[in-house]
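Data first, discussion second: the structure below is written as structure tokens.
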Amino acid sequence: MCGIVGYIGNKQAQPVLVSGLKRLEYRGYDSAGIATLNQKGTATLLREKGKVAELEKKVATHKTADQVGIGHTRWATHGAPSKRNAHPHTVGDIYLVHNGIIENYQDLKAELIKHDYDFKSDTDTEVLTALIDYLYKDAASLLDAVSGALKMVVGAYGIAVLSVKNPEEIVVARKGSPLIVGVGDDEVFVASDGSALVGYTDQVVYLHDGEIGLCTREGVQLYDIDANTVDAKVEKLEMDLQSIQKKGFDHFLLKEIYEQPESLRSTLSGRVNTDTMTAKLGGLNMSDEELRAIENVMVIGCGTAYYAGLQAGYLVEQFVGDVTFNSYIASELRYRSFAVPKNTVALIVSQSGETADTLACLMELKRRGVRTLGVVNAVGSTIAREVDGGVYVHVGAEISVASTKAFTSQVAAIMIFGLMVAQAKGVGVKEISDYIRELELLPSEIEKCIVAHDKEMERLAKKYAQYEHALYIGRDTLYPVALEGALKMKEVGYVHAEGYAAGELKHGPIALIDDTFFEVFYLQDNWLYEKAQSNLIEMNARGAHAIVITDTDKRIAAEHVIRVNTKLHLLTPLVFNVLSQLFAYYVAVMRGNDVDQPRNLAKSVTVE
Ligand code: G6P
């Protein structure tokens, strides 16, 4: 949530900062700004409301040769999106960009007002900036002032700080909000996310919580909060330029939908074997005995990651035997008085590995001594580092705010985990072999489905794009598909869409059906076909504008029927889900929405 960049070196800083911000724009995009310093310590601060493109226009008319600077693209928390609230904030000698939330900012503000500080914005960030400025008056260095301020702060932060008193350094720090330092030849880059560094350097240092970094042209020195030095571990950034470009697609969302066969292959690679009918994940750090002992699995996530957990749970419980698999919304779970049964393992599902609510659940479960396993995409992210073990889904960079390829791979990864538990518990090959076989088939089946139905989904979107309401309905393993389908439509289509369990229709939502709604109904030719079909008939009797997505060739009464031809049976829901993604994408395009950066949303939500 929000993006931070910084640069100190021999290049002109402004273009480096703006290009970094563009790459990070998916993290927040309601205002943006950069501050640069020349060698005499004169600052140039440029800020604009709106997207980075607005800032870029401003930079074009205010060019500087400065070689030191920081920048930010914002997703508003404290204070509305506006130029006044945009970062960098400046107070006295200090310029600062911040991700996260300072919880005790009001108390700190009241104190600073007593020392004659006045505030121009509504943000918590400006208060932190003033606090550093205040402490720097008596501190020996910017580093000391920052460390002093951070000791007084309650909350989460990733920050980058400049002082006009010393234009040869940037101080950075993190607690609960990611921060990476890229090290080049006589230059150092700062970013909240590796994608801003791709193409500049692949040598990076990931700050840990509580660490402060002093960046100069020569490199970075890390300190703990008490200013004791800490060794910086330089790692290789595993990201390439290709993965963060649109590769000829109009939008990242469409590219990422199309990437699913490939990204899923990466998730499955070396993990499922149809010769031996086995499944294996390398990084769980669990023995067979420990897997055998599992009686309860809690799957925790937010948004699409939560639905991935729900989807996987429905599938895994079909074969795993005597193990309960329950999914939880992280923002709810973290404040519930929940009991953890014995022999529980918690799966922490997150594309970014940084979501604040999910991370909070992870920390609470660790505190209680529960074994935690990550299902994460972003390598080296906070969740990936904090869990006891886990699996990377390896889908590559997911840039579009709405999550697509991560969902499919999260479901697959959790299924592989479920298969391992089943194997350890002695569930027979007969019971699990169809799942393994279908996992292997899934990438090509998704590919086939995209090719067969892309144009059809586009045509359909044209027909339904003007509707303001939608119901998405499914039963059993298709219920999570309905929830995720409705979420996609809300996120990118801005259509009021609700996901419902088909059997629940008669308990309320059926009252909604009228000509302002369309209904997406997922219908699989399986043991629940007749039951689900009755729900469809009930809807049709009330004048529904039903779009049925189905794998059957039986006769179906509906306004539109999309017939999917697939060899799958158990994993068909994952193929249907790809059609929901395409439908939402085309509706968003037809409605003229900002597909990759939908209004009010952010990709990585590192605040509560
Ligand atoms: C945000 C994103 C969603 C995502 C959710 C969880 O809301 O917009 O696409 O599903 O966060 O993110 P995570 O990175 O934890 O999977």
Side-chain angles (χ1 to χ4, degrees), residues 1-3 24-30 75 77 99 176-178 192-195 252-253 256-257 263 299-312 327-334 346-363 372 374-387 390-411 413-414 480 483-494 499 577 580-581 584-585 588 593-608:
M1 178 146 293
C2 306
L24 295 182
E25 201 167 22
Y26 70 97
R27 296 178 66 96
Y29 33 81
D30 56 44
W75 187 87
T77 54
N99 287 352
S177 196
S192 50
D193 170 331
S195 58
F252 281 110
L253 184 57
E256 287 159 10
I257 292 171
S263 53
V299 194
I300 299 154
C302 294
T304 291
Y306 163 66
Y307 290 142
L310 195 66
Q311 180 77 69
S327 302
Y328 299 88
I329 298 172
S331 56
E332 285 295 310
L333 184 69
R334 66 181 292 186
L347 298 186
I348 313 294
V349 190
S350 176
Q351 187 285 126
S352 63
E354 302 292 349
T355 303
D357 288 317
T358 312
L359 183 59
C361 291
L362 163 61
M363 298 321 266
T372 57
V375 180
V376 172
N377 186 36
V379 176
S381 57
T382 311
I383 291 175
R385 285 207 307 255
E386 290 290 342
V387 285
V391 44
Y392 279 122
V393 292
H394 292 312
V395 304
E398 194 183 62
I399 306 282
S400 189
V401 166
S403 182
T404 50
K405 59 179 179 173
F407 172 89
T408 307
S409 284
Q410 284 159 348
V411 177
I414 300 171
L483 294 170
E484 172 59 12
L487 178 62
K488 281 289 120 356
M489 188 55 88
K490 282 189 268 257
E491 285 178 295
V492 299
Y494 310 158
N577 184 58
S580 319
Q581 295 170 350
Y585 169 74
N593 296 351
D594 191 337
V595 173
D596 287 329
Q597 291 163 357
R599 66 184 182 206
N600 305 339
L601 300 180
K603 180 81 182 154
S604 172
V605 184
T606 52
V607 294
E608 257 197 87

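Atoms within each ligand, like the ligands themselves, are counted from 1 in listed order. Just so you know, these numbers come straight off a predicted model, no measurement behind them.
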Atom CG in Asp30, atom CD in Gln597: separation rounded to 0.5 Å?
11.0 Å
Among residues at least two apart in sequence or on other chains, which ones pass side chain to side chain donor-acceptor pair (under 3.5 Å) with [X]?
X: Ser195; value: Asp193
X: Glu484; value: Thr304, Lys488
X: Thr358; value: none

What pair of heavy atoms forms the shortest contact from Gln311 to Pro480, and how long is it?
OE1-CB, 3.5 Å
Might you point out which heavy atoms bring Ala602 and Val605 nearest each other, and give the distance in Å?
O-CG2, 3.9 Å
Can you tell me which residues line ligand 1 if we count any heavy atom under 4.0 angstrom from one of its atoms, in chain and number order?
Cys302, Gly303, Thr304, Ala305, Ser350, Gln351, Ser352, Thr355, Val401, Ser403, Glu491, Ala602, Lys603, Val605
